[in-house]
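This is a predicted model, so every value here is computed, not measured. First listed ligand is number 1; within each ligand, the first listed atom is number 1.
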Amino acid sequence: MYFSDVIGNKVPVERINPSFIRRSPIALDVLRLDQLHKVISGNKWFKLKCHLKEAQCRGINTLLSFGGVWSNHLHAMAAAGHLLGFKTIGIVRGEKPVNPSAMLQDAESWGMKLVYVSRSEYRQRYQPEFHRILLNQLSLSSEQVLVIPEGGSGELGVKGCEDILSAGSVVLADYDEIWMACGTGATLAGVIRSTQGAAWVRGFPVLKGVDFLNADIRQYLEPSDDRWSLELNHHCGGYGKTTPELIQFIKEFERETGVPLDPVYTGKLLLALKHKVESGDMPQPMRLLLVHTGGLQGRRGFSEWNSD
Ligand SMILES: *Cc1c(COP(=O)(O)O)cnc(C)c1O
């Protein structure tokens, strides 16, 4: 079976013209990874697919990974497992909630087994010894299960992200810069590799105080992959934090362009662009491609989108 026959491997690129760029010399295109598939949205499929190929090659039919109660990664893994015939286990950070999130309900409906662990246990998610304990509790042997790092990151995650631009048939010569929101930076690293220096790649971390990300990302790159940088001051207060300005901006942006954004990642990226344009930071003509990394399922966790 080819995974792409089930999930798809093409996404559109759209020209958009929100009011905040109208008097600037910027040509703005968006690569709509959110439109890859009706439930598996965004970069998380690209981060997963080489892990799943690895499982398939090794004859492993169970996938185990880690995330919070609104994890885009566990959501994508549960859906992909359901569609492609893998059993899935989600190790979820924190107590089992009295009212499970819409994400957890989806994951369970797709057959994911959910195991809740305390925050202190969750901190051991990169320790092989912790994996052994978990598998033991589940009466599974390590040969039966592929343990995928949180977020689908790691070398296999980065490798899958090398295919992001080609999914949109992006012609690199058409762009000066490519921008995206970053968590771990694995997606950014894959995109940087695939551009081979043809465009400047700019990452916007959504976490506060992540100077270490530069080194984390560099470990996946060759020294010659040097046309990229991070913008560390557009996190709106930190991971999962929002501001009234951010929420209002996302709603207005969707009204103007028809492109929905999420408040954790893509909303912060677009607001960063608006701030840069308005502060006079971008006076030169620029052909800009933004990567819409998806994450829209996570909007359901914000009351601003539940009330209307
Ligand atoms: C996970 C995620 C990211 C960040 O991906 P990294 O590879 O960890 O940098 C960006 N956008 C969305 C919507 C995500 O779900």
Write out the protein residues near ligand 1, meaning a non-hydrogen atom under 4.0 Å from one of its atoms, in order of chain and number.
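Its neighbours under 4.0 Å (heavy atoms only) are Asn43, Lys44, Lys47, Asn72, Ala181, Cys182, Gly183, Thr184, Gly185, Ala186, Thr187, Tyr265, Thr293, Gly294, Gly295, given by chain and number.
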Sequence neighbours excluded, the answer for side-chain hydrogen bond (donor to acceptor under 3.5 Å, both in side chains) partners of Glu252 is none
Pairing residues for His292 by the side-chain hydrogen bond (donor to acceptor under 3.5 Å, both in side chains) criterion, not counting sequence neighbours
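Testing His292 for side-chain hydrogen bond (donor to acceptor under 3.5 Å, both in side chains), a comparison that skips the adjacent residues, returns none.
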Ignoring hydrogens and geometry beyond distance, is a side-chain donor-acceptor pair present between Gln297 and Ser41 at under 3.5 Å?
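No, no side-chain donor-acceptor contact under 3.5 Å.
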Side chains of Trp200 and Ser229: donor-acceptor distance under 3.5 Å anywhere?
yes
Partner set under salt bridge (charged side-chain N to carboxylate O under 4.0 Å, His left out) for Glu155, not counting sequence neighbours
Arg193
Counting only N and O atoms by type, is there a donor-acceptor contact under 3.5 Å from the side chain of Asp225 to the main-chain atoms of Glu222?
yes
